[in-house]
**Student:** 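Sharing a structure here in structure tokens format.
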Amino acid sequence: MPNPFYITTPIYYVNARPHLGHAYSTIAADVACRYNLMRDRETFFLTGTDEHGDKIVRAAKNENLSPRAYVDKISGLFKDLCPELEIRYNHFIRTTDPAHIAVVKNILQKIYDSGEIYFSEYKGLYCFGCERFYTERELVDGKCPDHKTEPEVIKESNYFFKMSKYQDWLIDHINNNPDFIYPERYRNEVLSFLSEPLEDLCISRPKTRLEWGISLPFDDKYVTYVWFDALINYISALGYPDGELFKKFWPHVNHIVAKDILKPHGIYWPIMLKAAGIPVYKRLNVHGYWNVDQSKMSKSLGNVIEPLQIKNKYGLDAFRFFIMRDMVFGLDSSFSEESMVQRINSDLANDLGNLFSRVLAMAHKYFSGEIPEVDPVLEQELQLGLESDAIKAIDKFENAMEKFEFHKALIAVWEFISRMNKYVDITAPWELAKKKSSRKQLEAVIYNLLEGLRVISGLIYPVMPDTSANMQKHLGMNPDESYYRLEILKKWGTIKSGIKLPKSVTLFPRVDLKKNELYSGENSSEKILPELKPEISMEEFNKVDLRIATVVHAEVIPRAKKLLKIEVDSGKKLTIVAGISEGYNPDDIIGKQVIVVANLKSAKIMGILSKGMLLAGFDGNICALGTVDKKIKPGTSLS
């Protein structure tokens with residue numbers, strides 16, 4: 001049997017409602033867990049809420065609630081979000097759970113008894129938003145880097161953990177275990193921080209200042225610092241120290257966190273484990289932020305994206321697909337409804353949806369909805385490499401998923417979908433259907449297409465479980481029989497001839513962002529063209545200066561998803577920012593003669609002054625430049 005797999009999300013701080021960042025972390029953990037089920041691993045998935053500390057007391061006071069009533073309310077929102085997002089955890093932990101509190105006290109006492117905790121007076125810079133002390137070098141322009149506020153100077157007596165004692169050990173452990181913190185940029189960030197002397201960690205707060213927390217077992221006048229409490233959830237949930245779950249799953253743990261809590265997880269947590277005599281975790285997986293309007297989501301900025309609003313508007317699997325496909329794990333990503341709608345219409349409705357509906361429609365049209373009997377020799381001959389392409393896609397998918405490169409895993413699946421669509425065009429089943437002599441070839445082609453859909457239905461399971469089940473049901477399979485297992489996916493020829501298939505359905509209706517609503521129906525797979533704009537007079541049209549231009553230089557604009565910076569010769573040099581990078585690489589267009597609007601009012605885009613417009617057409621994920629069929633002098637006017 002493969003090794004067990006243990007995945008954890010950060011336990012979410014309940015000082016605010018769940019937002020897109022929380023949803024991403026939890027869905028990423030769910031995707032990783034489902035993938036490991038595909039590998040026949042025994043899995044354990046932990047999520048939950050962090051419920052102690054200063055910020056909780058303040059948030060509760062703002063809502064005229066007791067801390068207990070407040071955390072019950074917000075924790076409930078996080079828990080209720082999981083089934084809404086098809087997240088299947090094994091345990092939802094709360095740091096107010098009695099079992100968790102007992103483990104925290106156990107570990108505190110253990111470390112205290114070993115002489116690693118001492119009492120001292122301390123004066124330092126304290127950020128109430130972060131609930132921790134900062135050193136001068138950690139501040140940015142004298143302010144907390146996260147909250148942009150100046151920390152307050154606090155002088156008080158507290159208990160301290162001898163964290164500095166373990167600095168050299170942690171550096172050695174990170175260097176000797178290159179996968180300990182992933183991606184590498186965050187490993188380097190932690191090592192950079194550890195290149196400076198590490199201070200001891202204040203692990204208590206006096207009850208004269210804060211009562212809402214876990215009392216220290218060796219001094220009940222103090223409560224535990226929230227991070228020394230919260231981090232322990234990863235083992236308390238498994239029944240540390242003697243629980244069977246702890247023995248089975250802890251050696252195989254993968255943590256998922258956002259980059260803003262790298263320091264507690266990359267420094268505090270491994271040192272706490274080492275001091276307590278507990279084996280350190282296997283790997284820390286760190287992802288970036290979801291930005292809105294180029295800024296990190298923030299309640300104060302009013303740009304928080306609530307996941308249920310998006311899910312209810314566009315569908316759960318479309319939402320899960322978008323956030324897994326558009327974020328490179330470890331880097332920041334930007335959210336916009338426009339980019340999500342583009343993904344839905346291009347990748348889901350056009351690529352996957354059209355392929356599925358076409359193949360099912362042909363199975364019904366040519367074989368009355370039955371999976372055809374197939375000649376094994378012809379089936380092999382007419383695969384045209386489809387089986388080997390499926391195996392390559394599965395291999396790429398596995399390699400990417402093991403590295404938490406979820407976007408690459410989906411790219412591998414969509415490369416196979418593209419291959420399937422080309423297979424339809426190459427084999428032309430509609431032509432084979434015209435001749436009785438081609439009947440057996442038609443049977444083989446349709447069978448291979450259904451087999452390819454079976455493979456796709458399994459590969460999308462971790463990200464789009466509902467769509468996976470829907471596809472399998474319409475392919476004559478029982479989704480409850482784990483057809484998503486990799487062992488089964490790799491066996492070409494799994495679907496059985498003679499099975500009656502249900503009528504096809506629209507997997508993903510196209511979205512009309514202009515109307516701000518979904519639409520579907522018999523023609524939903526057809527290309528939707530924009531409505532004609534109002535008529536204009538010749539006088540108005542003559543104001544537009546259309547000219548032939550030659551592209552002399554093009555380059556990608558950093559941080560811009562779709563934009564290229566293009567220099568053209570239109571009789572005079574123009575710089576144009578154009579959203580065509582998904583259809584063209586810079587090298588593809590250098591030397592091309594294109595059509596430009598040469599008298600468009602200048603506009604600053606991504607800090608670049610754009611002085612014109614390139615004419616191009618967009619059809620789903622296809623971008624086509626307006627060009628000329630004969631070489632002509634740059635600057636020639638169109639008339």
Side-chain angles (χ1 to χ4, degrees), residues 8 10-11 50 52-53 95 100 103-120 122 124 130-135 137-138 158-182 186-205 214 216-218 222 224-238 240-241 246 250-251 253-286:
T8 75
I11 51 170
D50 177 7
H52 291 127
T95 56
H100 170 75
V103 174
V104 171
K105 290 189 172 187
N106 174 300
I107 289 176
L108 279 166
Q109 191 66 55
K110 186 175 184 179
I111 296 175
Y112 181 77
D113 290 344
S114 66
E116 303 294 81
I117 293 174
Y118 63 92
F119 189 73
S120 178
Y122 182 78
C130 296
E131 300 191 43
R132 77 174 182 90
F133 288 97
Y134 275 92
T135 61
R137 66 185 175 88
E138 290 180 281
N158 268 309
Y159 285 90
F160 291 81
F161 169 50
K162 295 180 182 178
M163 196 162 66
S164 58
K165 174 181 174 181
Y166 295 90
Q167 181 168 359
D168 291 341
W169 165 81
L170 182 57
I171 293 170
D172 289 343
H173 184 81
I174 294 172
N175 284 327
N176 293 332
N177 296 275
D179 291 334
F180 183 61
I181 300 174
Y182 174 85
Y186 298 111
R187 173 178 174 270
N188 293 337
E189 188 175 323
V190 171
L191 286 172
S192 175
F193 190 89
L194 290 170
S195 65
E196 300 286 340
L198 191 62
E199 293 189 350
D200 289 344
L201 181 67
C202 178
I203 62 155
S204 68
R205 300 292 182 263
I214 299 174
L216 295 181
F218 43 82
Y222 290 83
T224 309
Y225 171 44
V226 67
W227 277 113
F228 214 96
D229 158 10
L231 291 163
I232 291 170
N233 92 92
Y234 302 126
I235 57 175
S236 66
L238 297 178
Y240 171 85
F246 177 75
W250 180 246
V253 65
N254 274 264
H255 297 312
I256 287 181
V257 298
K259 66 181 184 181
D260 57 338
I261 50 175
L262 172 62
K263 183 179 178 181
H265 285 84
I267 297 177
Y268 301 174
W269 182 222
I271 290 178
M272 286 166 59
L273 290 165
K274 179 69 174 175
I278 302 168
V280 296
Y281 54 78
K282 179 183 175 184
R283 191 167 83 172
L284 180 66
N285 303 280
V286 187

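Quick caveat: nothing in here was measured; it's all calculated off a predicted structure.
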**Student:** Counting C-beta onward and ignoring hydrogens, is there a side-chain heavy-atom pair between H100 and D229 closer than 4.5 Å?
**Tutor:** yes

**Student:** Rounded to the nearest 0.5 Å, how far apart are CG of N106 and OG of S236?
**Tutor:** 11.0 Å

**Student:** Step by step, would you call L262 with L284 a side-chain contact (heavy atoms from CB on, under 4.5 Å)?
**Tutor:** CA-CA 9 Å; L262 172 62; L284 180 66; 4.0 Å; yes

**Student:** Would the number of heavy atoms belonging to other residues, nucleotides or ligands and lying under 6.0 Å from NZ of K274 be above 12?
**Tutor:** no

**Student:** To the nearest 0.5 Å, what is the distance between OG1 on T8 and CG on N254?
**Tutor:** 8.0 Å

**Student:** Got T224 and I203 here, is their nearest side-chain heavy-atom distance under 4.5 Å?
**Tutor:** no

**Student:** Return the set of residues passing salt bridge (charged side-chain N to carboxylate O under 4.0 Å, His left out) with K263 (not counting sequence neighbours), or none when no residue passes.
**Tutor:** E138

**Student:** Under the ring pair (Phe, Tyr, Trp, His ring centres under 6.0 Å) test, which residues partner Y118, sequence neighbours left out?
**Tutor:** F160

**Student:** For side-chain contact (heavy atoms from CB on, under 4.5 Å), just list the numbers for I235 and I107, CA-CA rounded to whole Å, side-chain angles, deciding distance to a tenth of an Å, and then say yes or no.
**Tutor:** CA-CA 11 Å; I235 57 175; I107 289 176; 3.5 Å; yes

**Student:** Measure the shortest side-chain to side-chain distance between W250 and I278 over non-hydrogen atoms and say whether it is less than 4.5 angstrom.
**Tutor:** yes

**Student:** Under 3.5 Å, is there a donor-acceptor pair between the side chain of K105 and the main chain of P217?
**Tutor:** no

**Student:** Would you say the side-chain atoms of D113 pair up with the backbone N or O of K110, donor to acceptor, closer than 3.5 Å?
**Tutor:** no

**Student:** Using distance only, find each side-chain donor-acceptor pair of residues 169-176 under 3.5 Å and give its atom names and separation, not counting sequence neighbours.
**Tutor:**
residue : atom : partner : partner atom : Å
H173    : ND1  : N177    : ND2          : 3.4
N175    : ND2  : I171    : O            : 3.2
N176    : ND2  : D172    : O            : 3.1

**Student:** CD of Q109 to OG of S114: how many Å apart, nearest 0.5 Å?
**Tutor:** 10.0 Å

**Student:** Flag the pair V280 / F180 as yes when at least one side-chain heavy-atom distance between them is below 4.5 Å, and no otherwise.
**Tutor:** yes

**Student:** Donor-acceptor pairs under 3.5 Å, side chain of residues 265-272 to any protein atom, not counting sequence neighbours: which ones?
**Tutor:**
residue : atom : partner : partner atom : Å
H265    : ND1  : I261    : O            : 3.0
H265    : NE2  : Y234    : OH           : 2.7
W269    : NE1  : H255    : NE2          : 3.2

**Student:** How far does CG of L231 sit from OG1 of T95, to the nearest 0.5 angstrom?
**Tutor:** 11.0 Å

**Student:** Out of curiosity, L198 CG to S164 OG, how far, rounded to the nearest 0.5 Å?
**Tutor:** 6.5 Å

**Student:** Run the ring pair (Phe, Tyr, Trp, His ring centres under 6.0 Å) test against F161 and tell me which residues pass, sequence neighbours left out.
**Tutor:** F228

**Student:** Under the side-chain hydrogen bond (donor to acceptor under 3.5 Å, both in side chains) test, which residues partner Y225, sequence neighbours left out?
**Tutor:** none

**Student:** Return the CD to CD distance between Q167 and E199, rounded to the nearest 0.5 Å.
**Tutor:** 10.5 Å

